Amino acid sequence: MHIYHTLMAVAAAFACFGEVASVPLAERLRSLTPKAGDLLKRATPVAPHFVVYSDAYVSTEPTPSDISGFNVFALSFLEAYGSADQAQEWQALTASERSSILSEYEAAGISLIVSLFGSTETPTSSGYDPIGTANTMAAWVIEYGLQGDFAAFNAGTGAAEQWLISFTTQLRTQLPQGQYILTHAPVAPWFSPGKWGGGGYLYIDSMVGNMIDWYNVQFYNQGTTEYTTCNGLLYTSSTAWPQSALFQIAASGVSLNKLVIGKPATSAQASNGYMDTTTLASCVSEAHAAGWNGGVMVWEYPYAAASWIATVRGGTWPISGSPSPTGTTTTTSPTPTPTTTTTTGTGNCAGIAAWTTGVAYTGGAEVTYGGSLWTAKWWTENDTPGGSAGVWTNDGACTAAAAATPAAKYRAIPAPVITPAPAS
């Protein structure tokens, strides 16, 4: 049964880049080959994220084809006393075996991470030192060439918020942004404004949200009727956990595309909050049409694998060949061959510069090319829009007027009032 107190993911940009975490990114790029430097610069993740956790016993790690459609696979758990369950299995492998698996996942665009703590430890209320704990966890992540994941939060007095802020800040000193992924996975109610004495996750996001790549939000285990319909999941949560639906959390100030919808694979994987894949896919499609692009998280493999995520992604993010990478493992063609793409829909190209060879574009950058508007999925240089590298998303043909943006079905919510500093 998956009942977290919260989850944080701490992810290395694969073993070959995780040797000396304290060296500045620019210096490391200068010391790498052009191809390796290109891969490292892509370590900053770009939505959507498709995350699956693994804690149940399996004899071997899944092959990339087993989890095709996901771009993050989380081994659970790394505890304060050491590795357990799937993390322990990973540690028991030889360095050569780990390297081989990492290479296969990297080629498939899948980041391999380790989950920290889980539901069995509560470091925020058990007296764990946040600085020492962060250093220990970061050292393990680096040594075993993984990305990672953390769990621990007991909201109420403000002490938990301060612990997580200190812990996150220290992790970033050891696992720098751009080289390592860092995510949290709180349950949705911790975003309810005015509900927690220390401000809950709205306060955490305001203090260290810029260090956190995304949130794997657990929309389950919060009550038999909580987050079980598209309306309750996306627009209007219950009065028990007010303003904690997806777009309500965003209206409270959290970046919409940093919110990943988390659900259990089956009704047996959580106490409540389960949605069948067809219903979840319809909610995902509806949210995407309203402007969200965060992605989906699921607990757990092997109950959720390639067929599960293919159904949930559906026509919103259709799977064609390899899954879209999280930002660490894409190969760039030195001389991409443009292809002709038939476009539909509209795009506003006013003021958008044309794509230019030799210019480096970061994830989210917009260009015009071939009469269409294109958005970069991740860092790229010399990859032609519509080319074989698949780096660019075609947003539709250019039009003279701005295209209308679909309106989300929620009312604007006043910004929550949060205590400037949580109680110690």
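Both backbone and side-chain heavy atoms feed into the values below; hydrogens, waters and symmetry mates do not. It should be emphasised that the depicted structure is a prediction, and the values quoted were computed from it without experimental measurement.
- To the nearest 0.5 Å, atom CZ of residue Phe191 and atom CG of residue Leu246 are 10.5 Å apart.
- Side-chain N or O atoms of Gln269 include none that pairs as donor or acceptor with a backbone N or O of Thr266 at under 3.5 Å.
- Listed here is the closest heavy atom pair of Phe247 and Ala290: CZ-CB, 3.6 Å.
- No side-chain donor-acceptor contact under 3.5 Å links Ser244 to the backbone of Pro189.
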So Ser126 and Glu121, side-chain hydrogen bond (donor to acceptor under 3.5 Å, both in side chains) or not? Walk me through it.
-> CA-CA 8 Å; Ser126 298; Glu121 285 192 306; over 6 Å; no
Step by step, work out the side-chain hydrogen bond (donor to acceptor under 3.5 Å, both in side chains) result for Asn216 and Tyr53.
-> CA-CA 11 Å; Asn216 295 312; Tyr53 291 95; 3.2 Å; yes
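- When all heavy atoms of Pro264 and Trp308 are compared, the pair lying nearest together is O-CZ2, 4.4 Å.
- Across Ser192 and Pro242, no two heavy atoms sit closer than the pair OG-O, 2.7 Å.
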Take Val58 and Gln86 through the side chain to side chain contact (heavy atoms under 4.5 Å, CB included) test and state the conclusion after the steps.
-> CA-CA 8 Å; Val58 290; Gln86 289 306 308; 3.7 Å; yes
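- You'll find the side chain of Phe117 reaches within 4.5 Å of the side chain of Thr133, heavy atoms only.
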Candidate pair Asn135 and Gln170, rule side-chain hydrogen bond (donor to acceptor under 3.5 Å, both in side chains), full reasoning | CA-CA 7 Å; Asn135 289 340; Gln170 184 62 20; 2.8 Å; yes
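- Residues Ile181 and Arg172 approach most closely at C-NH2, 4.3 Å, considering heavy atoms.
- Looking at Thr124 and Gln162, their side chains never come closer than 4.5 Å, going by heavy atoms from C-beta outward.
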Could you go through the side chain to side chain contact (heavy atoms under 4.5 Å, CB included) check for Trp140 and Ser83 one step at a time?
-> CA-CA 9 Å; Trp140 196 97; Ser83 59; 4.0 Å; yes
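- A donor-acceptor pair is defined here as one N or O able to donate and one able to accept, closer than 3.5 Å; no such pair exists between the side chain of Glu226 and the backbone of Ala240.
- Between the side chain of Asn221 and the backbone N or O of Ser271, at least one donor-acceptor pair lies under 3.5 Å.
- In this structure, the separation between OG1 on Thr311 and CD1 on Ile309 is 9.0 Å, given to the nearest 0.5 Å.
- Aromatic rings of Phe70 and Tyr301 (six-membered ring for Trp) have centroids beyond the 6.0 Å cut-off, not under it.
- Taking every heavy atom of both residues into account, Pro64 and Ala108 meet most closely at CB-CB, 3.5 Å.
- The stretch residues 183-277 participates, sequence neighbours left out, in these disulfide (SG to SG under 2.5 Å) pairs: Cys230-Cys283.
- Judged by distance alone, with hydrogens and angles left aside, the side-chain atoms of Thr279 form no donor-acceptor pair with the main-chain N or O of Met275 at under 3.5 Å.
- Expressed to the nearest 0.5 Å, how far CG of Asn293 lies from CG of Leu259 amounts to 12.0 Å.
- In this structure the side chain of Val298 never reaches within 4.5 angstrom of the side chain of Tyr303, judged on heavy atoms.
- Both the sub-6.0 Å distance and the 45° axial angle are satisfied by Arg313 relative to the ring of Phe50.
- Here the CD1-CD distance, from Ile67 to Glu61, works out to 9.0 Å after rounding to the nearest 0.5 Å.
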Can you check side chain to side chain contact (heavy atoms under 4.5 Å, CB included) on Tyr180 and Gln174, steps first, answer last?
-> CA-CA 9 Å; Tyr180 293 85; Gln174 304 300 308; over 6 Å; no
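- At a threshold of 4.5 Å between non-hydrogen side-chain atoms, the residues Tyr227 and Tyr220 do not count as touching.
- Considering only heavy atoms from C-beta on, Tyr105 comes within 4.5 Å of Ile101 through its side chain.
- For the side-chain contact (heavy atoms from CB on, under 4.5 Å) test with Tyr201, the passing option among Leu164, Val254, Ile249 is Leu164; the others fail.
- For Trp392 (side chain) and Leu373 (main-chain N/O), no donor-acceptor pair under 3.5 Å exists by modelled atom type.
- The CG atom of Asn210 sits 6.5 Å away from the CD atom of Gln177 when rounded to the nearest 0.5 Å.
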Ring pair (Phe, Tyr, Trp, His ring centres under 6.0 Å) assessment of Trp317 paired with Trp292 | CA-CA 12 Å; Trp317 298 292; Trp292 166 80; 5.6 Å; yes
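- Ring-centre distance between Trp214 and His184: not below the 6.0 Å cut-off.
- The backbone N or O of Tyr369 lies less than 3.5 Å from a partner atom in the side chain of Trp374, making a donor-acceptor pair.
- Within the 4.5 Å cutoff, side-chain heavy atoms of Pro385 are placed close to those of Val367.
- Trp241 places none of its side-chain heavy atoms less than 4.5 Å from the side chain of Val187.
- Of the possible donor and acceptor atoms, one in the side chain of Arg98 sits under 3.5 Å from a partner among the backbone N and O of Leu93.
- Thr229 contributes a side-chain N or O that, together with a main-chain N or O of Gly232, makes up a donor-acceptor pair within less than 3.5 Å.
- Ring orientation note: the planes of Phe167 and Trp163 are close to parallel, at an angle under 30° on the 30°/60° scale.
- Note that CG of Leu75 is 12.0 Å distant from CD of Gln88, once rounded to the nearest 0.5 Å.
- Residues Tyr235 and Glu286 are in side-chain contact: their nearest non-hydrogen atoms beyond the backbone lie under 4.5 Å apart.
- Side-chain atoms of Ser285 do not come within 3.5 Å of backbone N or O of Ala281 as any donor-acceptor pair.
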